[in-house]
Amino acid sequence: MTASVHTATSTIGRWRSSVDLHAHSCASDGELDPAALLRHAAESGVRVLALTDHDTVDGLVAARQAAQETGVALVAGVELSVTWERKTLHIVGLGIDPDTPALNEGLALLQQRRRIRATAIAARVERLGVADAGAAAATMAAGGQITRSHFARLLVEAGLCKDAKRAFHRFLSPGKPAYVAGDWATLEQALGWIRAAGGLPVLAHPRRYTLSATARRRLLGQFRDGGGRGLEVCCGSSDAADIEASAREANDYGLAGSVASDFHGRFQPWIRLGGVAPLPDGVAPIAAQLGVPI
Ligand code: AMP
Ligand code: MN
Ligand code: MN
Ligand code: MN
């Protein structure tokens with residue numbers, strides 16, 4: 001897998017940001033190992049990169065080493081899974097100390113719940129006709145967190161659908177046959193763990209949640225009052241209307257803005273590392289609070 005493949009298959013705008021505060025490695029559902037991710041950042045012109053794997057900080061040691069070798073400034077991060085009013089939200093923590101006990105206790109809890117959910121999803125995927133889905137997902141994850149993305153890949157490999165997007169749409173989304181709801185951290189817990197670790201909590205991909213206008217206001221108010229500091233105003237999948245709406249929300253709630261591709265590698269080929277629009281004027285960049293060169 002090379003950088004050129006991502007570039008060639010991207011269908012979104014040609015934005016190139018030198019700061020990217022949301023990316024995955026194979027410690028969760030990214031394609032690249034942490035060192036390869038840092039090399040890919042350097043090749044892509046990304047000078048500041050946050051590694052934000054789902055519910056784990058296991059990639060950060062290797063990422064830190066590779067950051068020194070490549071000259072990319074690494075922001076230690078994590079993307080925590082949260083259940084809020086029966087919906088799943090993602091809260092990114094930026095600039096965390098990964099050795100913080102409270103954070104690690106929280107991660108252990110989330111990882112245990114991931115294992116339980118993976119077993120339940122595997123049983124459903126096996127019923128759809130994929131033999132030994134649990135073992136296959138564990139092998140694919142290779143010690144990293146098992147996510148729905150791994151099951152999506154298994155469904156594609158088994159020929160049940162053409163690509164991961166279709167696997168989510170047909171099998172792995174709420175109401176579909178292989179969906180199992182997560183039982184994740186509360187918003188208060190996630191904010192507390194990130195803050196205990198000295199990090200800045202950022203609401204990930206804020207336009208991806210289906211919320212009524214009042215629920216949205218309730219969420220943003222609770223997030224800000226609980227110590228939330230930023231919104232991903234510019235994501236890898238944002239259009240101009242998304243950016244405008246999130247910029248307004250950031251300013252209304254006194255939150256900084258983050259630029260965040262949510263890069264996963266060839267599993268989500270429409271997203272490029274650093275393929276994010278610049279923050280609109282008037283939005284305070286969260287990177288300015290992280291002590292990194294921007
Ligand atoms: P999980 O945290 O195990 O529920 O997995 C969530 C991950 O699945 C997200 O972080 C995405 O990487 C991936 N995902 C969710 N929806 C889709 C989709 N429609 N197409 C491709 N990947 C998706
Ligand atoms: Mn993911
Ligand atoms: Mn996410
Ligand atoms: Mn993510």
Side-chain angles (χ1 to χ4, degrees), residues 12 21-24 28-29 50 52-55 77-94 110 113-114 117 145 147-149 152 164-165 167-169 171-176 179-194 200-264 268 270-271 276-277 279-280 283 286:
I12 55 166
L21 298 177
H22 186 150
H24 294 271
S28 64
D29 57 352
T52 56
D53 275 308
H54 296 288
D55 304 322
V78 68
E79 181 173 18
L80 298 180
S81 306
V82 164
T83 302
W84 182 83
E85 298 193 355
R86 299 171 66 195
K87 290 188 188 288
T88 298
L89 307 176
H90 287 172
I91 307 290
V92 161
L94 296 177
L110 289 171
R113 292 179 181 178
R114 266 197 185 278
R117 187 185 66 147
Q145 296 309 303
T147 71
R148 281 184 293 157
S149 305
K165 240 180 192 167
F168 273 92
H169 184 70
F171 300 114
L172 290 162
S173 299
K176 300 300 166 71
Y179 181 73
V180 178
D183 170 24
W184 306 125
T186 66
L187 180 61
E188 294 70 22
Q189 283 176 318
L191 292 170
W193 299 335
I194 292 168
L200 302 177
V202 174
L203 181 63
H205 37 69
R207 310 250 72 82
R208 215 186 285 168
Y209 313 116
T210 317
L211 297 167
S212 68
T214 47
R216 215 174 163 82
R217 283 196 290 274
R218 203 159 54 241
L219 169 63
L220 289 166
Q222 286 179 21
F223 175 70
R224 190 251 338 264
D225 294 345
R229 299 287 290 276
L231 269 193
E232 288 186 349
V233 170
C234 299
C235 303
S237 50
S238 303
D239 61 22
D242 294 336
I243 292 173
E244 195 186 324
S246 294
R248 190 173 320 118
E249 279 175 351
N251 286 332
D252 285 350
Y253 288 85
L255 298 166
S258 188
V259 285
S261 70
D262 202 2
F263 176 79
H264 285 73
Q268 296 183 10
W270 59 94
I271 303 285
V276 197
L279 285 176
V283 176
I286 195 135

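Atoms considered below: every heavy atom in the structure, side chains included; atoms not considered: hydrogens, waters and symmetry mates. Predicted, not measured: the structure shown is a model, and the values here were computed from it.
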**Q.** Identified side chain to side chain contact (heavy atoms under 4.5 Å, CB included) partner of E232 from the options V259, V276, V202
**A.**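 Testing each of V259, V276, V202 against E232, the sole residue satisfying side chain to side chain contact (heavy atoms under 4.5 Å, CB included) is V202.
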Q.
Using the rule side chain to side chain contact (heavy atoms under 4.5 Å, CB included), only one of L21, L279, V92 pairs with I286; which is it?
A.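 Of the listed residues L21, L279, V92, the side chain to side chain contact (heavy atoms under 4.5 Å, CB included) partner of I286 is L21.
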Q) Quick one: ring-ring contact (aromatic ring centres under 6.0 Å, His included) partners of Y209, sequence neighbours excluded? A)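 Applying ring-ring contact (aromatic ring centres under 6.0 Å, His included) to Y209 gives H205.
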To the nearest 0.5 Å, tell me how far [X] [atom1] sits from [Y] [atom2].
X	Y	atom1	atom2	value
D225	L220	CG	CG	10.5 Å
D55	R113	CG	CZ	10.5 Å
L200	L255	CG	CG	11.5 Å
I91	I194	CD1	CD1	6.5 Å
L110	W193	CG	CH2	4.5 Å
R217	Y253	CZ	OH	6.5 Å

Quick check: do [X] and [Y] have side-chain heavy atoms less than 4.5 Å from each other?
X	Y	result
E79	S28	no
D29	H54	yes
L94	T52	yes
R117	R148	yes
D262	H24	yes
C234	P280	yes

Q: Only counting residues at least two apart or in another chain, list the ones meeting side-chain contact (heavy atoms from CB on, under 4.5 Å) with Q222.
A: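 With sequence neighbours excluded, Q222 shows a side-chain contact (heavy atoms from CB on, under 4.5 Å) to W84, L187, E188, R218, given in chain and number order.
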Q: Could you pull out all residues at least two apart from S238 that satisfy side-chain contact (heavy atoms from CB on, under 4.5 Å)?
A: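 Only C235, D242, I243 meet the side-chain contact (heavy atoms from CB on, under 4.5 Å) criterion with S238.
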Are any side-chain N or O atoms of [X] and backbone N or O atoms of [Y], one a donor and one an acceptor, separated by less than 3.5 Å?
X	Y	value
K176	F168	no
S261	F263	yes
H90	T88	no

(Q) Regarding E249 and R224, does a basic nitrogen lie under 4.0 Å from an acidic carboxylate oxygen? (A)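 Not counted as a salt bridge, because no side-chain N and carboxylate O are separated by less than 4.0 Å.
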Q: Considering non-hydrogen atoms only, spot the tightest contact between A190 and V82 and give its length.
A: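 Heavy atoms only, the tightest pair is CB-CG2, 3.5 Å.
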